[in-house]
There are 2 protein chains.
Amino acid sequence: MTEQRGLTLAVSTVIFALRPHPDTGRLTLWLPLVRRIREPFRGRWALPGGPLDPGDDLATSARRTLERTTGLAPHYLEQLYAFGAVDRSGAVTDEGRVVSVVYWAIIRPDEAERSVVGENVEWQVADEVGAWGGAAPLAFDHDTVLRYALARLRAKIGYSPIALAFLTEEFTLAALREVHEAVTQRTLDPANFRRQVLAAKTVAPTGRRLAGTAHRPPALYRRAVEIPSSDPARVTVTEPTHPADTDPPKGLS
Amino acid sequence: MTEQRGLTLAVSTVIFALRPHPDTGRLTLWLPLVRRIREPFRGRWALPGGPLDPGDDLATSARRTLERTTGLAPHYLEQLYAFGAVDRSGAVTDEGRVVSVVYWAIIRPDEAERSVVGENVEWQVADEVGAWGGAAPLAFDHDTVLRYALARLRAKIGYSPIALAFLTEEFTLAALREVHEAVTQRTLDPANFRRQVLAAKTVAPTGRRLAGTAHRPPALYRRAVEIPSSDPARVTVTEPTHPADTDPPKGLS
DNA sequence: ACAAAAGTGTTTCCTCTACACCCATGG
DNA sequence: CCATGGGTGTAGAGGAAACACTTTTGT
């Protein structure tokens, strides 16, 4: 096969972490954005990323971007989608066309705390970013990308144990519930949530309890399953995946 | 951004259609493969595809491949995954590395009938192809790709109306059930299947009936919904996707 | 009449939901 | 002893699975 002139393959990453909202104090999704210092879209915020190094796998490139912008390694990393519309950089620029393979990642808030925020890197509230968040549009088609990543995260947390990737080794069921509530933006019944989680056997009690809570001390739990990879090369025969996927609920339709 | 030497972006497509199995006569999944006439993997079967034309969108490229190999337009087309392992062509070849964005498609059997089968194109039974089917491995990492596409199709048919893409304008509920049975490889209770499909309101009766059946004439139905696109640019605010997709069953976990 | 599939009814089981209620700790 | 969340119990609604039974055609 011949090389294609005027075509660049880039890898970008949507990096999610949970932090309190600056106004309400409620736990919400944040992500780091990078201010563009060159045309096109100079001055606008964009997802961190860069051209694919020919020596790197796609996921490796995503990890590298993550390390570069936050200094961290992800606790979950999944390919989101390949975006390749001809006009996705606005008009086709002189430098040619860019196809982006986008990944999305989850990092833990305790680690995000000590993340090194570079000069043109800034953490922002996911739902208040870009045109959909009432702010200036992100560069390229990154508004669409971010919305799609949010949709995937919010769908997938419903049928996959990825919520665990937001938590430290030991955690209470209340903390796990707060992750679900923050991501899906709706409150859950603590009693029913507890039963569903325990029935799924994705967590196991450590036997220890959290002290100093001004109420009955809650039991501590740990992960009882590995957070599943959606890498096609690692998927077993019986298990499908997403969902891309995006995966989705139940029944026929 | 600068161009990357030694890196080609290709688009391949997994094209599914349903036909009777040559031995058992039961409805099964088939797909067209292309015999490679050049190194690497000369003589081996491969998924149809080719390098991305800089003037084409990714989906456009997939459609072009489909038209070239079968002469047809798909009734369903969805991006599957971007495969980019450094060594996915075996060793890194002289021509350099190839990253493939893979799509999967559904075409109708009545159309597949009159599909033009070229010299090095052959329709084969999906589950009997490649190393997993007990035959010679497919070229590149196409065994993995095909298995992933099959998993996605089999998962997605459970929660999305894509089964309709295998059928003509008018169809019986038995025909729709046979599509589900052929794809998932398990039999379904006709009574319960009927109720689930009707409750989902994805089909509507045409008022007409199918005659000449050696039994009570079944009612004919038509699609009552568009088969949803999973293109991120077309996804609405409320609906997630896979899916990735691949999406997946219900409940927490 | 009989076979064979269409289509309806019914029972059982299981899960999800809502919400009442008791438990254990800090102040 | 009171407030606060942790944790358990339970009754009702709804859906899925299994399967009996009736309907309508061709032969």
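By convention in this document, chain letters (A, B, ...) are assigned in the order of the sequence lines, proteins followed by strands, and residues within each chain are numbered from 1.
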Checklist entry - Any side-chain heavy atom of B:Ile106 within less than 4.5 Å of one from B:Ile227? => result no

Checklist entry - What is the distance from CG of B:Leu188 to C1' of D:dC19, rounded to the nearest Å? => result 16 Å

Checklist entry - Which whole-number value in Å describes the distance from B:Leu198 CG to C:dG9 P? => result 13 Å

Item to check | Closest to side chain of A:Ala191, choosing from D:dA17, D:dT8, D:dG7 | outcome: D:dT8

Checklist entry - About how many Å separate CD1 of B:Ile15 and CG of B:Leu77, when rounded to the nearest 0.5 Å? => result 9.5 Å

Item to check | Integer-rounded Å distance: C:dC16 P and A:Tyr159 OH | outcome: 17 Å

Checklist entry - Quick one: CG on B:Leu31 to CD on B:Gln124, what's the gap to the nearest 0.5 Å? => result 7.5 Å

Checklist entry - Considering only side-chain heavy atoms of A:His215, which listed nucleotide, C:dA4, C:dT25, C:dA18, is closest? => result C:dT25

Item to check | Which nucleotide in D:dG26, D:dA18, C:dG7 has an atom nearest any side-chain atom of B:Asp189 | outcome: D:dA18

Item to check | A:Arg186 CZ - C:dC16 P separation (whole Å) | outcome: 13 Å

Checklist entry - A:Ala211 near the nucleic acid: base, sugar-phosphate alone, or nothing, with a heavy-atom cut-off under 4.0 Å? => result nothing

Next on the checklist: As an exercise, state the distance from CG of B:Leu167 to CD of B:Glu178, rounded to the nearest 0.5 Å.
Outcome noted: 9.5 Å

Next on the checklist: Using a heavy-atom cut-off of 4.0 Å across all strands, would you classify B:Ala174 as base, sugar-phosphate, or nothing?
Outcome noted: sugar-phosphate

Checklist entry - Looking only at side-chain N and O atoms, does A:Arg216 come under 4.0 Å of OP1 or OP2 in C:dC22? => result no

Checklist outcome for this item: To the nearest angstrom, the CD-P distance between B:Glu178 and C:dA5 comes to 10 Å

Checklist entry - Does A:Gly212 or B:Thr213 map to a spot on DNA chain C nearer the 5' end, using the closest nucleotide for each? => result B:Thr213

Checklist entry - Looking at C:dC16, C:dG7, D:dG7, which one has an atom nearest to any side-chain atom of A:Gln196? => result C:dC16

Next on the checklist: Please confirm whether the shortest side-chain N or O distance from A:Arg194 to OP1 or OP2 of D:dG6 is below 4.0 Å.
Outcome noted: no

Item to check | Length of the line joining B:Asn192:CG and C:dG9:P, which is rounded to integer Å | outcome: 14 Å

Checklist entry - Which nucleotide, C:dC23, D:dT23, D:dC19, lies nearest any side-chain atom of B:Arg195? => result D:dC19

Checklist entry - Between atom CZ in B:Phe193 and atom C1' in D:dG15, what is the gap in whole Å? => result 17 Å

Checklist entry - To the nearest 0.5 Å, what is the distance between CG (B:Leu58) and CD (B:Gln79)? => result 6.5 Å

Item to check | Short side-chain N/O contact to C:dC23 OP1/OP2 from A:Arg209, under 4.0 Å | outcome: no

